[in-house]
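These notes concern the structure reproduced below.
Remember, it's a predicted structure, so these values are computed and weren't measured experimentally.
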Amino acid sequence: MAAKIILNGLRSIEECLRVNPDRIAKLYFERAKLSPRLESIKKQAEKAGVRVEITVKNEGDEGCSALLSDYQYTDFDDFCAQLKSEIDAGERPCVLMLDGVTDPQNLGAILRTAAFMNVAGVVLPKDRASPITDTVYRVASGGLEYVPVCQVPNLVSAMARLKECGFWSVGFSEHAKQTLAAVRRDIAPLLVIGNEEKGIRPLVRENCDFLAKFEGRGKLASLNASVAAALAMQWAVSEV
């Protein structure tokens, strides 16, 4: 579990209150800044049974902050069971696996896009990667309320388990021989995005069913991890 999180940003707080109010242990307001929007948030919190405290000085720069309980990652076994049932029913859910994304701002941006694209979930390694932090929550702008996040001890084992459920893994590398356009579309895709500098680790790369690269028109060969993830998700959720 992650450490306790102080959530700033009204959009993130509003989404958490609307979707998962139980995640909020307490809301803090600065008395001098109870604008109509903050009054609405306060009433919504009180209605949901969330504790509210008025303070002289608030940690949030918008006059409101939320103390969250420890972030609860989604159980991977339950996650796989749900996805297998969807694939067995003929659906093609999309899952994102991040191999060593250490920048919390990149992770937050990826989760925001994942929520926008209706991705089924995100899988993270427990080590050498950013966990869910205050920064991730803030940058995700509410996205964490809609996207399950699993932490696993071993990505290769997790890939094997997801393949058993019916997924095909697509790893992204600037050194891949084929472009994304060559990858078959009639699959439930497990999109594998690597570290901001080193990319996908060799053992993870070797276990991908497909390796693909993005076909750019400029002279730069690589992309920021969050941008690469966004392009991959757009490809995955587009109609075949």
Side-chain angles (χ1 to χ4, degrees), residues 1-3 5 7-9 11-12 15-16 19-20 23 68 71-74 76 79 83 92-152 155 158-159 162 167-174 176 180 183 188-201 204-205 208 210-214 216 220-238:
M1 292 185 294
I5 294 172
L7 180 58
N8 295 309
R11 180 186 296 242
S12 296
E15 289 298 325
C16 193
V19 182
N20 294 306
R23 286 185 179 177
L68 302 189
Y71 181 78
Q72 300 292 320
Y73 292 93
T74 297
F76 186 64
F79 181 64
L83 293 172
R92 295 190 302 112
C94 170
V95 170
L96 190 64
M97 177 176 283
L98 303 180
D99 182 14
V101 173
T102 58
D103 185 340
Q105 296 205 39
N106 270 343
L107 179 55
I110 289 168
L111 289 167
R112 183 173 185 175
T113 305
F116 181 79
M117 297 291 185
N118 197 30
V119 166
V122 176
V123 179
L124 308 175
K126 287 186 176 180
D127 300 318
R128 295 185 293 277
S130 174
I132 302 302
T133 66
D134 309 63
T135 299
V136 173
Y137 250 103
R138 174 177 55 79
V139 177
S141 296
L144 270 163
E145 310 312 327
Y146 300 96
V147 181
V149 179
C150 302
Q151 263 193 341
V152 297
L155 288 186
M159 289 174 72
L162 287 166
F167 282 90
W168 293 72
S169 55
V170 184
F172 292 85
S173 169
E174 62 184 279
L180 190 53
V183 178
L190 170 62
L191 308 174
V192 186
I193 303 293
N195 174 272
E196 293 89 344
E197 295 181 3
K198 298 178 181 179
I200 302 172
R201 287 174 295 170
V204 174
R205 185 169 61 245
C208 289
F210 305 99
L211 281 178
K213 61 184 176 182
F214 298 105
L220 284 178
S222 61
L223 291 168
N224 170 277
S226 65
V227 176
L231 292 177
M233 288 185 276
Q234 177 62 61
W235 169 84
V237 302
S238 298

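Counting heavy atoms from C-beta outward, Leu111 and Val136 have side chains that approach closer than 4.5 Å. Residues Trp235 and Leu191 form a side-chain contact, since some pair of their non-hydrogen atoms from C-beta on lies under 4.5 Å apart. Side-chain atoms of Asn8 and Tyr137, non-hydrogen and from C-beta on, never get closer than 4.5 Å to each other. For the pair Leu180/Phe210, no side-chain contact is recorded, criterion being any heavy-atom separation below 4.5 Å from C-beta on. Counting heavy atoms from C-beta on, the side chains of Glu15 and Tyr146 come closer than 4.5 Å. Counting only heavy atoms from C-beta outward, the side chains of Cys208 and Met159 approach each other to under 4.5 Å. Considering only heavy atoms from C-beta on, Cys16 comes within 4.5 Å of Leu68 through its side chain. Taking 4.5 Å as the limit, every side-chain heavy atom of Met97 sits out of range of all side-chain heavy atoms of Ile193.
Nearest approach of Ala229 to Ile110, heavy atoms of both residues: CB-CG1, 3.9 Å. Counting all heavy atoms, side chain and backbone alike, Asn106 lies closest to Ser226 at OD1-OG, 3.4 Å. Of all the heavy atoms in Gln105 and Val139, the pair that sits closest is O-CG1, 3.5 Å. Here the closest heavy-atom approach between residue Ile200 and residue Gly171 is recorded as CD1-CA, 3.8 Å. Between Cys94 and Ala236, the shortest heavy-atom contact is SG-CB, 3.7 Å.
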- Task: May I have the step-by-step check of side-chain contact (heavy atoms from CB on, under 4.5 Å) for Arg23 and Glu145, ending in yes or no?
- Result: CA-CA 10 Å; Arg23 286 185 179 177; Glu145 310 312 327; 3.0 Å; yes
- Message: Please determine whether side-chain contact (heavy atoms from CB on, under 4.5 Å) holds for the pair Val149 and Phe79, giving the CA-CA distance in whole Å, both sets of side-chain angles, and the decisive distance to 0.1 Å.
- Response: CA-CA 9 Å; Val149 179; Phe79 181 64; over 6 Å; no
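Judged by distance alone, the side chain of Tyr73 and the main-chain N or O of Ile132 form a donor-acceptor pair under 3.5 Å. Between the side chain of Asp99 and the backbone N or O of Arg201, at least one donor-acceptor pair lies under 3.5 Å. Side-chain atoms of Asn195 come within 3.5 Å of backbone N or O of Lys198 as a donor-acceptor pair. The main-chain N or O of Gly143 is never found under 3.5 Å from a side-chain atom of Arg112 such that the two would form a donor-acceptor pair.
Separation of atoms CD (Gln151) and CZ (Phe76) is listed at 12.5 Å; rounding is to 0.5 Å. Atom CG of Leu144 sits about 9.5 Å away from atom CG of Leu7, to the nearest 0.5 Å. Rounded to the nearest 0.5 angstrom, Asn20 CG and Gln72 CD are separated by 11.5 Å. One distance of note links OG of Ser173 with NZ of Lys213; it measures 9.0 Å at 0.5 Å rounding. With rounding to the nearest 0.5 Å, the separation of CG in Leu107 from OG1 in Thr102 is 10.0 Å.
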Listing, residues 117-131 side-chain donor-acceptor contacts under 3.5 Å, not counting sequence neighbours, or none:
none

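Every residue two or more places apart in sequence or in another chain was checked for a side chain to side chain donor-acceptor pair (under 3.5 Å) with Ser12, and none qualifies.
Between Phe214 and Phe172, the ring planes are parallel. Angles under 30° get that label, and only those over 60° would be called perpendicular.
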